[in-house]
Amino acid sequence: MALNIVVTREIHADALKLIHPLGDLRVWTEDRPIPPRTLQDWIADATACLTMLTDRVDESLLAKASSLRIVSNMAVGYDNFDLKAATRRGVMMTNTPDVLTEATAELTWALILAVMRNVLSAHRDLLEGQWRTWSPTGFLGTELSGKTVGIVGFGRIGQAVGRRAQAFNMSVVVLSRGGGGDMNQIPRRLPLNEFLSTADVISLHMPLLPATRAMVDASWFSAMKPGTFLINTARGPLIDEEALMTALDRGIVAGAGLDVFSHEPVDGTHPLAAHPRVLSTPHIGSATHETRRAMAIRAAENIRQALIGGTPRDLLNPQVCQK
Ligand code: DGY
């Protein structure tokens, strides 16, 4: 019997070529996420499904998919998955780590630079005719050199962000999960209060989990140095957005670079995205030609490995293979 493979968005042709010989492909080609009802219909007789972070894969979807062997997310984050439900049902779940590390670190620095040096507002002012002459006090930003970047979540992407700090003559501190700081480690790991009172710019790189949801809340803002910058290229719900609005209005947060939001997409009517001291981008951390091709290939490769009877390289729930 032919294997049915569902792909929920148009992806790089080199990735489709990898899975095409394995079965009948069904690709959602519209330029918007596949509607959940359509995905339910399509997945009913699918053996494999290549998903995006916009597709919710939960118990109710998995219950419709009796032949499903693997769901392969084209993203490193997989907060759109109910991993426990998939494991109970013996469905392999995979993601695409590594391949988007450098692209996401690059965007993080683009936001740090642009926010601290007021690049966007200077551009806007110029277009509006505000550049009347060179001014000793005009368009002033904050110098990066000599400042400290604080990294929350020191995994692959957090480390890639940290590596680039040296190029800007910045120090790096990392939030120590254990609470205790070890001053002899490089970069310095600091407990929360010390971390928040040390960092000039804080960049988030942790996954969205029940324990990290709204982790950046009013208590964080009250412990930050006034004038701290905040960057989020990870997941929107890590930040309590209302508390961030208040912190921006009070000047505790001098500026924020946000690539992600609690409910996506957002537009110019979103108070935080449109705040004059927020630079907002539409979840483009991994959006380079090179990385999106690599992510698609990695996701397709995980499906290929599962369907030829192997263990996918990026298996998130190895328990299913031990059953
Ligand atoms: C991911 O992979 O989790 C990013 O958010 C999108 O590339």
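Every number for a ligand or one of its atoms is a count from 1 in the order of the listing. The chain is numbered in sequence order, starting from 1.
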K.L.:
Under 4.0 Å from a heavy atom of Arg235: which atoms of ligand 1 are those, numbered in the order shown and with their elements?
P.N.:
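Counting atoms of ligand 1 from 1, those under 4.0 Å from Arg235 are 1 (C), 3 (O), 4 (C), 5 (O).
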K.L.:
Which protein heavy atom lies closest to atom 7 (O) of ligand 1, and at what distance to 0.1 Å?
P.N.:
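Scanning the protein heavy atoms, the shortest distance from atom 7 (O) of ligand 1 goes to Ser286 OG, 2.6 Å.
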K.L.:
List every atom of ligand 1 that sits less than 4.0 Å from any heavy atom of Ala75, numbering the atoms from 1 in the order shown and giving each element.
P.N.:
1 (C), 2 (O), 3 (O)
K.L.:
For residues Asp314 and Asn302, is any side-chain donor paired with an opposing acceptor at under 3.5 Å?
P.N.:
yes
K.L.:
His283 near ligand 1, heavy-atom distance under 4.0 Å?
P.N.:
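Flag set, His283 near ligand 1.
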K.L.:
Could you find the nearest protein heavy atom to atom 2 (O) of ligand 1 and give me its residue, atom name and distance?
P.N.:
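Among all protein heavy atoms, the one nearest atom 2 (O) of ligand 1 is Val76 N, 2.7 Å.
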K.L.:
Could you see which bit of Leu53 sits under 4.0 Å from ligand 1, with heavy atoms only: side chain, backbone, both or neither?
P.N.:
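Contact part for Leu53 vs ligand 1: side chain (C-beta onward).
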K.L.:
Going through the distances and angles, do Asp55 and Asn80 end up as a side chain to side chain donor-acceptor pair (under 3.5 Å)?
P.N.:
CA-CA 7 Å; Asp55 304 316; Asn80 56 318; 5.9 Å; no
K.L.:
Within the 4.0 Å heavy-atom shell around Gly77, which atoms of ligand 1 are there?
P.N.:
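Listed by number with element, the hits are 1 (C), 2 (O), 3 (O).
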K.L.:
Output, in order, the C-alpha distance, side-chain angles, deciding distance and verdict of side chain to side chain donor-acceptor pair (under 3.5 Å) for Thr94 and Ser72.
P.N.:
CA-CA 5 Å; Thr94 59; Ser72 169; 3.3 Å; yes
K.L.:
If only side-chain N and O atoms count, and only distance matters, is there a donor-acceptor pair under 3.5 Å linking His205 with Ser203?
P.N.:
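Note: Ser203 and His205 side chains meet the donor-acceptor criterion.
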K.L.:
At a non-hydrogen distance cut-off of under 4.0 Å, which region of Leu100 contacts ligand 1 (side chain, backbone, both, or neither)?
P.N.:
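Under 4.0 Å from ligand 1, Leu100 contributes side-chain atoms alone.
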K.L.:
Charged N to carboxylate O under 4.0 angstrom, Arg298 versus Asp98?
P.N.:
yes
K.L.:
Is the shortest side-chain N to carboxylate O distance from Glu194 to Arg189 below 4.0 Å?
P.N.:
no
